[in-house]
There are 2 protein chains.
Amino acid sequence: MKKGSYSPTASPTLSDVAREAGVSAITVSRTIRSPEKVSKASRLKVEAAIAKLGYAPDPAASALASKTSTTIGLLVPSLTNNVFADVVRGVYDGIEETRFFVQIGNFRYSALKEQELLRVFLRQKPAGLILSGFDQTQEATRMLKNAPCPLVQIMDIGPQPADMAIGFDHKEAARTATRHLLEQGYTKLGFLGARMDPRSQARYEGFKDVCKDAGKLDEKRIVTTLQPSSVSMGRQLFEALLAKTPDVDAILCNNDDLAIGVLTEAQRRNIQVPDDLGICGFNDIDIARNMMPEITSVATPRYDIGRRAIQMILDEIAEPGSVADRNQDVGFELVPRQSTARRR
Amino acid sequence: MKKGSYSPTASPTLSDVAREAGVSAITVSRTIRSPEKVSKASRLKVEAAIAKLGYAPDPAASALASKTSTTIGLLVPSLTNNVFADVVRGVYDGIEETRFFVQIGNFRYSALKEQELLRVFLRQKPAGLILSGFDQTQEATRMLKNAPCPLVQIMDIGPQPADMAIGFDHKEAARTATRHLLEQGYTKLGFLGARMDPRSQARYEGFKDVCKDAGKLDEKRIVTTLQPSSVSMGRQLFEALLAKTPDVDAILCNNDDLAIGVLTEAQRRNIQVPDDLGICGFNDIDIARNMMPEITSVATPRYDIGRRAIQMILDEIAEPGSVADRNQDVGFELVPRQSTARRR
DNA sequence: TTGAAAGCGCTAACAA
DNA sequence: TTGTTAGCGCTTTCAA
């Protein structure tokens, strides 16, 4: 076992390759970055030399000279969150086999922290940037306006992206889910929310809107917390809700974790789902879909958003201005299942 | 909305700060990296200048000059996996407020891909490297031996880490879980496994060991797949198992996702858990803990492993050779719950 | 199509 | 404790 001897090992450089190939360093650089600008003869010599020496470019030197790195920054509010786990997966799948890297920054739902991360990330001269939503600080917004790279704001929709945006309408999604509960014949609708970020807030507003319009809004049936979301939190919030308003007959949960918590707690209390209690989640994660009973949820294209966001960035890098639709609404889909299939 | 104009913006440099503070560039560099080597007077002047100009160092220039970047590489076999999500979280929490970045590489359970990622990562002159397990290719192992930075192999234990290691004994963990099932009076033990990576294999071996010793091994009650793990997969594997050996009375699942799938499928089939069927999961994730009935599982310190691994790296960076215990076994804990609490 | 020269912003090594 | 000098490995610019 080695101990504390981490000396840098020398790797071949551009000049080494150039010497080996009998050309100049810049010709090697060109064969790597734009082979079409190099004669076939040179190209072959260089390629042979690269192979022989096992050369690979030094990204730091390249970034310093060109003022652009191969790093794409991805700023997320949370790493615990299932939602962002899927986004991250999409982004990574999209980046694979390209010359780019992804660097994740976790700003823990703090706009100020996001701003500072942004500052640090920008120092790296990123090739692209992916942000969550539109709720940056003024200072962050200013930095974004001058960002020297393509950037995509994801998850939400809004009128004015700093550069590009892709997401869906959270308020409308909640409206749709709430209408579904009413249509199923539920009349005493409750709402459970944890970690009330801007998008959760929008869902909450959507729920209130529809309830109000239907004359069925009772604020006492709304329980939220700023703490992180989890299955246990779902149970706790449900308990709190029951303590306040035991007559609640359907619950819209801000996400599926909460919904699972409500379902399992209902089972413990022998509350029949969906007859005594309807449950609707949000996001449609695999587990919720497989519960017994299966949980109704709003399917959101999280993976797809990540995948598409990174593609937008890659396209813009390849050809600035080439992304035509710079403000995409990818929609959502209500998936009715057993947990709201009340027998009327 | 801007379109395709991503020109680099000039940021203040070290010399700008130096000029502002009335000192030399190297003094600024020193106040940032080792303030104790600078007089208080200089330090205050420099700090004021940094604040005034909003200076932040250019990591590329720094990496080029010092031959070490501030990037710490984290190579994981999967991003879908709950286990690695927790590890990643631990790593990110540990890196916060330091000057380092984490760059994740997803090698999709392919040792060859891991090797290629390693090669690419090493070109970045990483400040540290975190790898999963001990199953690197020969070529990768060779690269690791010469790695110019601290590295930690995580999740597993083994006799010979390349540099440092932290994990637990998967085989022993499975042994403990299997013994528990026998102690609870179950006699027809089955095993369900998805995505059989080396650590899953070890758990599988542990299960077989104990069953064999107890004279209760029946290979027909083992169903595994190379496909990814999920709740739906748990249901599928359970169905396959029941089709082969309907008399199975307890199942050790390779992870909690599978266990949840088994539980919900059992509920659909009206199989009573724990009386007709005992279920034991692996990892002890929040959801499994909150199912009805609550699922017995083997708690594994995933977050902690990530947190500690990054700390080992930071310690080694700060003071090479300072990490005393370079091969840590962090253990596991069986958490018996309702899903195996058979009434005898 | 190719190359020479200059320099990106920082740090290592040495000197004062 | 502070500064000077040189150069990390690449790309940009300009010229041939």
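Chain A is the first sequence line, chain B the second, and so forth, proteins listed ahead of strands; every chain is numbered from 1.
For DNA chain C, the neighbouring residues in residues 45-58 of chain B, judged by any heavy atom under 4.0 Å, are Tyr55(B), Pro57(B), Asp58(B). Interface residues of residues 21-43 of chain A facing DNA chain C, ordered by number: Val23(A), Ser24(A), Ile26(A), Thr27(A), Arg30(A), Val38(A), Ser39(A), Ser42(A); criterion, heavy-atom separation under 4.0 Å.
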Open item on the list: For a salt bridge (Lys or Arg N to Asp or Glu O under 4.0 Å) check, start with the C-alpha distance between Glu20(B) and Lys45(B), then their side-chain angles and the critical distance, and finish with the verdict.
Closed with: CA-CA 9 Å; Glu20(B) 177 74 31; Lys45(B) 280 190 290 182; over 6 Å; no
TODO: Take Lys40(B) and Glu47(B) through the salt bridge (Lys or Arg N to Asp or Glu O under 4.0 Å) test and state the conclusion after the steps.
DONE: CA-CA 10 Å; Lys40(B) 191 165 178 186; Glu47(B) 280 165 358; over 6 Å; no
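Gln153(B) has its side chain out of reach of Met164(B): every pair of non-hydrogen atoms, C-beta onward, lies at least 4.5 Å apart. With contacts defined as side-chain heavy-atom distances shorter than 4.5 Å, the pair Glu96(B)/Arg108(A) qualifies. Using a 4.5 Å cut-off on side-chain heavy atoms (C-beta onward), Ile104(A) and Leu79(A) make contact.
In this view, Phe121(A) and Phe101(B) satisfy the ring-ring contact (aromatic ring centres under 6.0 Å, His included) rule, not counting sequence neighbours. The side chain to side chain contact (heavy atoms under 4.5 Å, CB included) test applied to Arg307(A) returns Asp93(A), Tyr303(A), not counting sequence neighbours.
Pairing each heavy atom of Ser78(A) with each of Tyr109(A), the nearest pair is CB-CE1, 3.5 Å. Arg123(A) and Ser11(B) get closest at one heavy-atom pair: NH1-CB, 3.5 Å.
A distance-only check finds a donor-acceptor pair linking the side chain of Ser69(B) to the backbone of Lys125(B) [under 3.5 Å]. A side-chain donor-acceptor contact under 3.5 Å links Glu316(B) to the backbone of Val323(B).
Checking each of Asp163(B), Ile317(B), Ile166(B), Ile154(B) against Met312(B) for a side-chain contact (heavy atoms from CB on, under 4.5 Å) leaves exactly one that passes, namely Ile166(B).
If you walk DNA chain C from 5' to 3' and mark each nucleotide with an atom closer than 4.0 Å to a heavy atom of chain B, the marks span dG9(C) to dA12(C). If you walk DNA chain D from 5' to 3' and mark each nucleotide with an atom closer than 4.0 Å to a heavy atom of chain B, the marks span dT1(D) to dG9(D).
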